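Okay, structure first, notes after.
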Amino acid sequence: MSGWRHGSVGSQIDRATPLPFTFDGRPGSGFAGDTPASALLASGIRVLGRSFKYHRPRGLWGMGNEEPNAIFDVTEDGRTTPNVRATTVMLRRNMALRSVNTAPDAARDRTGMLDLFNRFLPGGFYYKTFMAFGWMRWEPMIRRMAGLGRLDPGHCPPADIPQFNARCDLLVIGAGAAGLAAARAAARNGREVWLVDDAPEPGGSLRWRGGDIDGGDWLEFTRDAIGAITAAGGRILSGTTIWGAFDHGLFAAWERRDGSPDRLWRIRAAETVLATGAVERPLWFANNDLPGILSAEAALHYLSLYGAVAGRRILLATGNDASYPVAAALAQAGCDVTLADVRADTPATPDGVGHLRAARLTHAHGRNSVAGAVVDGRIIETDTILVSGGYTPSVHLHCQAGGKLDWDTGSDSLIPRPGSSALRVAGAVNGSFSLARALAEGHAAGRGTGPAPRAAAGDWQFFPMRPDPDLRGRQWIDPQNDVTLKDIKLAAQEGYRSVEHLKRYTTLGMATDQGRSANFAGLATMAALTGRTIPETGTTTYRPPFSPVPLGVIGGLRRGAVFNAPKRLPLEIAHKARGAMFREYGGWLRPSVYGTDDEAVLAQQEALAARKSVGLYDASPLGKIEVIGPGAAELLDYCGYLRLSTLKPGRARYGFVLGETGIVHDDGVVFRLSENRFVVSASSSHAASVRMILEEARQDVFDPAKSFIHDVTAGFATLTVTGPKSRDLLIAANLPEALYDDAKLPHMSVTETFWNGHSLRVARVSFTGDRSYEVTVPARHAPALYSALEAARQEVSGRWIGMEAVMILRAEKGFILVGKDTDGLTMPHDLGWQASREKRKDEYLGRRSLFTAEARRTDRRQLVGLEIDGVTPLPTGAHLVPLEGQRRSLGFVTSSYFSPILGRPIALALVEGGRNRIGTELGVFHLGKIGRVRICDSCAFDPTWERLHA
Amino acid sequence: MQIFTCPFCGPRDETEFHFAAEAGKKRPMPAETATDDEWAEYLYMNSASRGKAQEVWLHVTCGEFFLMTRDTVTRDVTAVTPLPGRNA
Ligand SMILES: [Zn+2]
């Protein structure tokens, strides 16, 4: 219990508003404005979690998304969000924080003994040991003990996160000194600036380090910048993380909002300034992962913003100038501070601070918390160790945008190579740590005119701190994934020397902090062990997201019914009123059956009714692609398997569209309404792609001025009337007389007329084998057509039928569905349509492919029907096999139903050399058993086609 | 997310576009004069070049096929032009 709350310091907290919370079930208290991290630090709780592999006690290290240890499952209002960083969210009333990877809790973890076996768990241990002895057997145990928080199965956050697209003149990422200077400079020149920062308020490290700018307090400067940005029409997004840089200057931003749904922004800016700052590195000494060892920068952050003080007797170990103001502030706050600097030549000793020069920290002592330290062989009594190993610039977005890095000796870090990405870089991310340089660089990056904002000069000096491979004791490199210096040595010994191999072999940097505080040390160690420089050793690839982003932010509003919304029928309400059940067919929501009984039973009844009297169904999704113009016939000849220029106006022809590979892409009927006007009735699921096949030929092969293609599918509604009494129904509906005169409208013809003052198109085509009429009206007149046909249906005792019944009716006739009764190898002659292939001499899409050696094989899979004994339909997809000899697939069942009119099962199949097998028997393999089927013609019902005209 | 420029509609999000073909591939005409090998070459062989590439893309929402010159590494788009048939 060493952390404490200062009585007066703390700019962010409201001491008048205490906030109760629990940690691992025990009550705690913080203030409004606290983060869970600051509240826990101030309350003196040190052990916040257990490490991933060894279950070592771990405490707070940092202050942002670099935090490796303080990760909690957070429960609020009964909803648990796993793996929340205690440093990046605000504390709220009655928040329940649960440490992760612990049992029963962080302070008393049962599996802590794993740490005793640490020498048996080196890098690559999991791979070497468990892969060899069967990973499957061990995985459940390892998964239980390792890993982070637990998913709450009941936690289904609402899909309420809106996503916005935004554009601006300048996007400034990071609202510290450099970012503020850049944004202010640009805004003063009238540019629309978006200033984005993941902290709750602008200011960056000024918020805890303070500073004077242009002779005034930094807050004045910040207010001035905000004023300028707002005046120029820009905006400031705080609590917002830019989590990815994508192609063509796109940035993704996750905005967190208290009390309202978060937001996702897709921002494209004419220019972008990167001012993301830097993250402090730890130091490497024995037991450097003990709770009570914190980043020095973070300690100042917690003191200044929250009055949360890391400890009482503090050792601050460093090798750079940045730590001196930290030591001074803590001493002023009342701590007993010893500053141990590895350098002999240091800045002046801060007031009230004990100062050790040329002093190296080598060990920390303590079980669950720091109890002492060893500096140059001398034991120092301390309850808290603050460390600074220098800073690592946050170059992620620069690298995501394709940028390269250069080594900068002055800042002892890798910084963006100028010009290697489209981002302009300013401040600490550029290795420029002094306030004066950050402001100057920001001003320049924002293309400022006039003098840059001024501040006291004085760059920080850095001594290059590195892990010491000769030092005794365990030194942690990556605390979140439990990677030690020894693991890296092992990787180097075993030849995993590339950083990408090192990462995968040891898991360095693969935890949810993505190695922010760890990667540099791992990289530097590997460089030292292999005698290379750091730039030679390289870095791993930076990829989005910059820090973890909830999936709900990426998913946005698209969930459930709107995730992949189906197309809807104009008459959906009318069908619903009839009691239709709906399913998706080819992207359209259509009635499957009408009624509440069992779907299969209803489908049988409906199919039978359509055969006995008349059935009506909604065929609106049928494609209606108009091809218009003097070049229309020529275009359709080229795109179709059957010639269409020979079709007479008013007539219809069934045919196929092939790909250039000769494979059947779609089938359907084409109507010629007049000399230069066709309607391609593509199948509902292929209408969009057929349109594009036509478009490609129109634009690439023909004169595009001679034809025009217009997909009007959604503009019309089609109701199909089918069955022996279909003509009676049209008469009863008082449709124009011309329609039911078979001389004027024979099978495979079409006519356009007027009805009730609007256009009406009726086609005699049949998908059922019975006399049928497809009646089409503009979609807005669909209700009138529906009412007229419904009244007539009652007169002739017809029945509405859903798609399940239609499927039975078409299968009885052997009519195919492309994609169901065909596959990616099926050519038209496999379906019995060989005439075009044999007779057509002109050029058409896919023709050449119909004459390759493969296309000429006689054992190609061909469409046939199947007959079986008994009443149970065959399973769709079951493979057909020889009855004798070696078992192999000869094809498979593509459609299978019970036919109510025939009183027996029917099926379609693609079978090797199928047509020559008609009359013979084959085996059908299903669930380990082989049954018998007879191969027959694909048309099972009315093979003489009498009913079309009945 | 890239921005492509449809010659008909202007700049749009890449999700509105589909790759159609590598440009400059000539369909053997009449196709029946092509050998099986030549036809297979036409159908299946692509150079998938690294760096500068010329391709036919489709703007799905308007149906325009057009030529795009771009760099597959830097993702720079240097030119978009309508298909030659458009200019005839
Ligand atoms: Zn377009």
Side-chain angles (χ1 to χ4, degrees), chain A residues 165 167 244-252 266-268 401-402 420-422 544 625 631 638 659-663 688-711 837 840-856, chain B residues 1-8 11-21 23-44 56-67 70-78 81-88:
Chain A
N165 297 302
R167 284 181 176 270
F246 300 91
D247 291 322
H248 293 185
L250 177 75
F251 291 86
R266 294 189 202 91
I267 306 172
R268 282 190 203 269
S420 65
S421 81
I625 303 167
Y638 180 75
E660 279 282 42
T661 53
I663 307 303
S689 57
V690 166
R691 176 193 155 216
M692 289 312 167
I693 287 172
L694 294 168
E695 276 292 358
E696 184 165 15
R698 182 182 82 95
Q699 295 175 38
D700 195 30
V701 183
F702 295 98
D703 178 354
K706 283 192 173 164
S707 59
F708 185 75
I709 296 161
H710 193 191
D711 182 357
R837 176 174 179 260
R840 261 187 91 171
K841 295 288 173 236
D842 58 328
E843 196 62 45
Y844 58 91
L845 268 183
R847 177 175 178 226
R848 177 63 184 84
S849 295
L850 302 180
F851 296 95
T852 62
E854 187 64 28
R856 292 172 198 267
Chain B
M1 198 88 75
Q2 304 175 75
I3 299 269
F4 296 149
T5 303
C6 167
F8 188 69
R12 294 287 191 280
D13 202 288
E14 71 169 274
T15 54
E16 293 184 11
F17 295 84
H18 271 186
F19 171 82
K25 251 189 177 186
K26 206 158 168 50
R27 184 184 198 268
M29 285 278 217
E32 64 185 316
T33 61
T35 65
D36 280 3
D37 283 352
E38 284 164 355
W39 186 245
E41 177 83 17
Y42 166 70
L43 283 185
Y44 302 114
V56 178
W57 281 72
L58 162 64
H59 190 209
V60 177
T61 49
C62 79
E64 179 87 0
F65 286 80
F66 61 96
L67 282 170
R70 66 186 192 109
D71 189 305
T72 58
V73 178
T74 65
R75 304 286 174 90
D76 288 338
V77 177
T78 43
T81 49
L83 289 187
R86 272 273 186 266
N87 299 324

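No experiment lies behind these values; they were computed from the predicted model shown. Every chain is numbered from 1, with letters handed out A, B, ... down the list of sequences.
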- Can we call the ring centroids of A:Tyr638 and A:Tyr844 under 6.0 Å apart? no

- Heavy atoms only: give me the nearest A:Ala401-A:Ser421 pair and the separation to one decimal. O-CB, 4.0 Å

- Contact winner vs chain B - A:Glu854, A:Arg266, A:Met692, heavy-atom pairs under 4.5 Å: A:Met692

- Query: Measuring heavy-atom distances to chain B, does A:Glu843 have an atom under 4.5 Å in its side chain, in its backbone, in both, or in neither?
  - Reply: side chain

- Message: Quick check on A:Phe251 against chain B: is it the side chain, the backbone, both or neither that has a heavy atom closer than 4.5 Å?
- Response: neither

- Item | chain A contact via B:Tyr42 - side chain, backbone, both or neither, heavy atoms under 4.5 Å | side chain

- Note on the structure: In terms of heavy-atom pairs under 4.5 Å with chain A, the winner among B:Leu43, B:Thr35, B:Asp36, B:Leu58 is B:Asp36

- Message: Please classify the contact of B:Asp37 with chain A as side chain, backbone, both or neither, using a heavy-atom distance under 4.5 Å.
- Response: neither

- If you tally heavy-atom pairs under 4.5 Å between each of A:Gly659, A:Ser849, A:Gly402 and chain B, the highest tally belongs to A:Ser849

- Taking all heavy atoms of B:Arg75 and all of B:Gln2, pick out the closest pair and write down the distance. CD-OE1, 3.4 Å

- Message: Could you check, using the six-membered ring where one of them is a Trp, whether B:Trp57 and B:Phe4 have ring centers closer than 6.0 angstrom?
- Response: yes

- Task: Please determine if A:Arg691 and A:Asp711 form a salt bridge, counting it only when a charged side-chain N lies under 4.0 Å from a carboxylate O.
- Result: no

- Task: May I ask you to establish whether A:Arg837 and A:Phe851 are in a cation-pi arrangement, using a distance under 6.0 Å from NZ or CZ to the six-membered ring centre and at most 45° from the ring axis?
- Result: yes

